[in-house]
S.K.: 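This structure is in structure tokens; I'll ask about it shortly.
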Amino acid sequence: MRVTRQIHIGAVAVGGGAPVSVQSMTNTDTADPEATLAQIGRLAAAGCEIIRVAVPNRNAVAPFAAICRASPLPVIADIHFSADLAVAAIEAGAAGVRVNPGNLGGISELRKVAEAARAARIPIRVGVNSGSLEKDLLEAHGHPTPAALAESARRHCRALEAMGFGDIKVSIKASDVCTTVAANRCFAADTDYPLHLGVTEAGTAANGVVKSAVGIGALLLDGIGDTLRVSLTAPPEEEVRAGIRILEATGRREAQPNLVSCPTCGRTAVDLIGLVNAVEAAIARIKAEGGRIGLRRIAIMGCVVNGPGEAREADLGIAGDARGGVLFRKGEIVRRLSEAELLPALLAEIRACTVFAPKA
Ligand code: SF4
């Protein structure tokens, strides 16, 4: 695991061994704090831990302040082109600020942001994007190569460190997965700044989740990455759910529970796809209601080839067969079930292992 310095976005620790946190970005009009706060509430319920909000102009600063005051999540201000706007957002209560130092207009402008962030005791995220690389690096490297992107990030970090500011997180993003992975590996090799991972402009949910899973997943498996955002042309709740699934798939977060199911084949004797979808939806509902399911692994398998083995290894399992299936609990056979009994039995077992937090 890469060793990084720790920063804090509000109460959320990033880097320094803290769990990898999931971020998203609102797509409501920042000038409409009610709509933005409602979306932040939905994202928090989905599992988002840090939220980024665009502050595109001066008119957005007062509503942004209202959002920061009422948000259940720490709010990062997303700023482009204007150091003065970044300073205004910091003074409005941002828990962090994301800038691309390369498009702020020079060192004196970056210094304004660093001084305001230091006074507010909040970190700066240095965002490097393949679409907005500095001219001299583009000329030297020909195009936004991984080395050019990593050098851009290093250069901005050096500039901030020269100002005595080290409360830095870095993101290096490209829409190309291989470039993103290579650039982050390159930067991670000789720095200790926490990294925010993402494949930018990854596309629709169908394409973007795959690209993000490959790019972010590769880095997480390398031990690189301290926080992440899955960027999708889709409702931001989908970004959060995908981010959580990537963390679970890479072993960086324990799945609760890990739902194992076979792909089905000509031997499948029951409506396994319908059964698994119904169980997955029920788990999502329980989680949305704040339930904690005390099962690490649920296996739903279609036949006797791999079914009994997988079901026995799980906390709760079904091995389908021509007459319905066999229910397993903690490696032991509980009882034989007809196909119609499979779903009710699984749901009853899951509910019996679920604890709901007492209502405040
Ligand atoms: Fe096919 Fe059985 Fe394997 Fe499922 S467990 S894919 S039904 S062989």
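Numbering of residues begins at 1 and proceeds along the displayed sequence. When a ligand or atom number is given, it counts from 1 through the structure's own listing order.
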S.K.: Could you tell me whether a side-chain N or O of R296 sits under 3.5 Å from a main-chain N or O of A314, the two making a donor and an acceptor?
M.R.: no
S.K.: Using 4.0 Å as the upper bound for N to carboxylate O, is an ion pair formed by E151 and R158?
M.R.: yes
S.K.: Have a look around atom 2 (Fe) of ligand 1 and list protein N/O/S atoms under 2.8 Å, or say none.
M.R.: C303 SG
S.K.: So, are R155 and E134 salt-bridged, with charged N and O less than 4.0 Å apart?
M.R.: yes
S.K.: Check this for me: does any side-chain nitrogen of one of R42 and E238 sit under 4.0 Å from a carboxylate oxygen of the other?
M.R.: no
S.K.: May I ask you to decide whether E310 forms a salt bridge with R297, counting only side-chain N to carboxylate O separations under 4.0 Å?
M.R.: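 Salt bridge present between E310 and R297.
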S.K.: Would you call R5 and D226 a salt bridge, taking side-chain N to carboxylate O under 4.0 Å as the test?
M.R.: no
